[in-house]
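Heavy atoms only: backbone and side chains are in, while hydrogens, waters and symmetry mates are out.
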Amino acid sequence: MKKIYTMVAVALIGTSAIAQRAGFNAPEAVANPKLHVGTPVLHGQNNGERTTTWYNYALMLDDANNGYTPGMAAGDFLGIFPDSTIIIGQYTDGSTAYAQFHKAATMLDPKNMPFSAWNTSNQYKLDSVAIAYAYLRALPTNVIDTLQVQIIKHDASLEWDLTNASYQDITYVQTTNTITQSQVLASYNYLLGDADSSNYVSEILIATPGVPAQNGANRIGVVVSYKPGYTWTPLTDSLVDKNAFYVFSYEQNGASTDPTFYGTIGTGTSDYNCSYALPTSVRYDLNGNGWNGYFIPTWAWTTPYSTEHHIISFLLNDVVGVEEHNTVAIASAYPNPTSGNSFVDYSLKAEAKVTLNITDITGKVVMSINEGNKQQGDYRVNLNTGDLAAGTYFININANDAKATSKLVVMH
């Protein structure tokens with residue numbers, strides 16, 4: 001039986017090392033993150049009953065209108081690296097800090113969110129995922145690193161209850177340094193180069209074609225791995241001179257606090273949304289607390305730590321069984337972030353009646369533009385965001401029976 005995991009040792013070696021190391025160009029979190037411009041993604045739409053929505057448990061918890069702890073979350077970075085033999089920095093006492101986390105993961109349970117009008121009778125498809133990150137480069141431009149994103153399926157046989165909260169296990173095979181293949185729905189590789197370099201919060205958008213439709217009551221997950229495009233010498237090489245990747249996360253209730261479970265405490269559905277980390281003790285099958293073979297979930301840490309909920313967002317398309325039509329495509333808004341006007345380009349493959357809605361993270365429409373009937377072609381819309389509060393919004397373009405969605409950040 002798995003035991004509650006004590007975080008004290010890992011906190012001193014891993015997470016705290018990011019904040020306490022000296023003489024190292026660590027990632028810097030900012031209040032208003034810069035969003036990485038992703039490749040435009042086509043979205044289908046069915047008979048007026050389908051919705052396309054971004055879901056992020058951590059951001060919903062921190063929402064000023066609906067969250068459990070609005071505005072309280074503290075941001076931090078979880079560095080991930082394939083093994084523990086590379087130096088990530090130096091502690092304030094001068095001792096050497098080594099990499100202690102090797103993969104990050106999040107499971108999404110869309111029916112069990114802080115707020116969500118979710119129809120469990122419909123299937124859904126995962127359109128894409130967005131990962132908040134920092135990526136520090138010190139090597140030449142010809143060195144290309146890889147971010148691997150694996151989509152994990154719902155597995156009721158792996159449900160686990162830690163007395164107060166429930167979650168789904170993600171199982172790990174130490175001998176091959178992989179998650180159990182039977183859990184994987186799809187894998188995607190994103191090549192990291194100079195254009196992705198950032199020492200503050202940025203965002204990578206990864207389309208996920210090929211992921212099969214999911215039952216509306218099912219969870220779906222993401223595992224993130226970093227694969228360096230360079231070699232390193234164990235115990236002597238440092239990430240000061242190499243490239244390093246960090247997943248951005250929230251400590252839900254603020255610094256040095258424990259997270260709050262969402263839902264009815266003690267029930268089987270108290271909280272299936274959870275983030276995970278793969279520490280060295282599990283990576284090398286050395287964990288003495290029953291966690292060998294498993295990612296360690298947020299709810300298992302017995303002391304506060306700073307990367308409880310990873311900022312990994314899921315774009316879900318509600319499926320109602322009618323053939324999809326990729327009638328409209330939308331490009332990312334620009335400038336983005338914006339403090340005033342922003343332009344949105346979209347393309348029509350056929351004549352359509354077009355409306356444009358701007359929604360906040362709760363799904364509330366805060367701006368609506370009726371474009372009227374448009375012929376096939378390319379169009380541009382000017383958005384005046386001066387009356388919108390600072391925050392994250394979603395641009396939804398409806399064209400007859402099709403929809404396309406993009407993200408917009410407003411700064412003031």
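Judged purely by distance below 3.5 Å, without hydrogens or angles, the side chains of Gln100 and Thr280 pair a donor atom with an acceptor atom. No side-chain donor from either of Lys111 and Thr120 sits under 3.5 Å from a side-chain acceptor of the other. Tyr172 and Asn177 share a side-chain donor-acceptor pair at under 3.5 Å.
To the nearest 0.5 Å, atoms CG (Leu388) and CG (Leu408) are separated by 8.0 Å. In this structure, Thr106 OG1 and Ile220 CD1 are separated by 12.5 Å, a value rounded to the nearest 0.5 Å. Interatomic distance, Thr355 OG1 to Glu371 CD, rounded to the nearest 0.5 Å: 9.0 Å. Here the CD1 atom belonging to Ile144 is positioned 9.0 Å from the CG atom belonging to Asn243, to the nearest 0.5 angstrom. Atom OG1 of residue Thr257 and atom CE of residue Met72 lie 7.0 Å apart, to the nearest 0.5 angstrom. Going from atom CD of Gln183 over to atom OG1 of Thr178 covers 10.5 Å, rounded to the nearest 0.5 Å.
Looking only at distances, a side-chain donor or acceptor of Tyr379 sits under 3.5 Å from a matching main-chain atom of Gln375. The main-chain N or O of Asp194 is never found under 3.5 Å from a side-chain atom of Ser197 such that the two would form a donor-acceptor pair. Side chain of Tyr190 to main chain of Ile206: no donor-acceptor pair is present (N/O by atom type, distance under 3.5 Å, no hydrogens or angles). Between the side chain of Asn273 and the backbone N or O of Asn112 there is at least one donor-acceptor pair closer than 3.5 Å. A distance-only check finds a donor-acceptor pair linking the side chain of Thr208 to the backbone of Asp127 [under 3.5 Å]. The backbone N or O of Asp155 lies less than 3.5 Å from a partner atom in the side chain of Gln168, making a donor-acceptor pair. Between the Thr385 side chain and the Gly340 main chain, a donor and an acceptor come within less than 3.5 Å of each other. In this structure a side-chain-to-backbone donor-acceptor pair under 3.5 Å is present from Asp196 to Gly193. A donor-acceptor pair under 3.5 Å is formed between the side chain of Glu308 and the backbone N or O of Gln252. Without hydrogens or angle criteria, Gln214 side chain to Leu126 main chain gives no donor-acceptor distance under 3.5 Å.
Residues Val240 and Ala138 share a closest heavy-atom pair of O-CB, 3.8 Å. Residues Ser225 and Lys103 share a closest heavy-atom pair of OG-NZ, 2.9 Å. Considering all non-hydrogen atoms of both residues, Asn287 and Asn292 come closest at N-OD1, 2.9 Å. Across all non-hydrogen atoms, the minimal contact from Asp145 to Gly229 is OD1-N, 2.6 Å. What you find for Thr298 and Pro259 is that their closest heavy atoms are CG2-CG, 4.0 Å. Nearest heavy-atom pair across Ala104 and Ile80 is N-CG2, 4.2 Å.
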*Could you go step by step and tell me if Ile296 and Tyr294 meet the side chain to side chain contact (heavy atoms under 4.5 Å, CB included) rule?*
CA-CA 6 Å; Ile296 299 181; Tyr294 300 94; over 6 Å; no
*Do Leu59 and Ile311 pass the side chain to side chain contact (heavy atoms under 4.5 Å, CB included) test, and can you show the C-alpha distance, the side-chain angles, and the key distance before you say yes or no?*
CA-CA 7 Å; Leu59 294 179; Ile311 309 302; 4.2 Å; yes
*Decide yes or no on side chain to side chain contact (heavy atoms under 4.5 Å, CB included) for Ile151 and Val222, but give the supporting numbers first.*
CA-CA 5 Å; Ile151 309 304; Val222 167; 3.9 Å; yes
*asked:* Before you tell me yes or no, could you show the steps for Thr338 and Ser342 under side chain to side chain donor-acceptor pair (under 3.5 Å), namely the whole-Å CA-CA distance, both residues' side-chain angles and the distance that decides it to 0.1 Å?
replied: CA-CA 6 Å; Thr338 182; Ser342 187; 4.8 Å; no
*Between Val224 and Tyr226, does a side chain to side chain contact (heavy atoms under 4.5 Å, CB included) hold up when you go through it step by step?*
CA-CA 7 Å; Val224 180; Tyr226 173 64; over 6 Å; no
*Worked check of side chain to side chain donor-acceptor pair (under 3.5 Å) between Ser249 and Asp76*: CA-CA 5 Å; Ser249 308; Asp76 203 352; over 6 Å; no
*Intermediate values then yes/no, ring pair (Phe, Tyr, Trp, His ring centres under 6.0 Å), Phe314 and Tyr55*: CA-CA 5 Å; Phe314 299 72; Tyr55 287 85; 8.9 Å; no
_For Thr171 and Thr180: C-alpha separation, side-chain torsions, deciding distance, then whether side chain to side chain donor-acceptor pair (under 3.5 Å) applies._
CA-CA 6 Å; Thr171 54; Thr180 305; 2.5 Å; yes
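In this structure, Met367 places its CE atom where more than 12 heavy-atom neighbours from other residues, nucleotides or ligands lie under 6.0 Å away.
Not less than 6.0 angstrom separates the ring centroid of Tyr167 from the ring centroid of Trp299. Between His309 and Tyr57, the distance separating the two ring centers is shorter than 6.0 angstrom.
Comment: Asp83 does not engage Arg283 in a salt bridge, judged by the lack of any side-chain N to carboxylate O separation of less than 4.0 angstrom.
Taking the six-membered ring for Trp and thresholds of 30 and 60 degrees, Tyr133 and Phe245 have nearly parallel ring planes, at less than 30 degrees apart. The aromatic rings of Phe394 and Trp54 lie parallel to each other, with less than 30° between the two planes, well short of the 60° mark.
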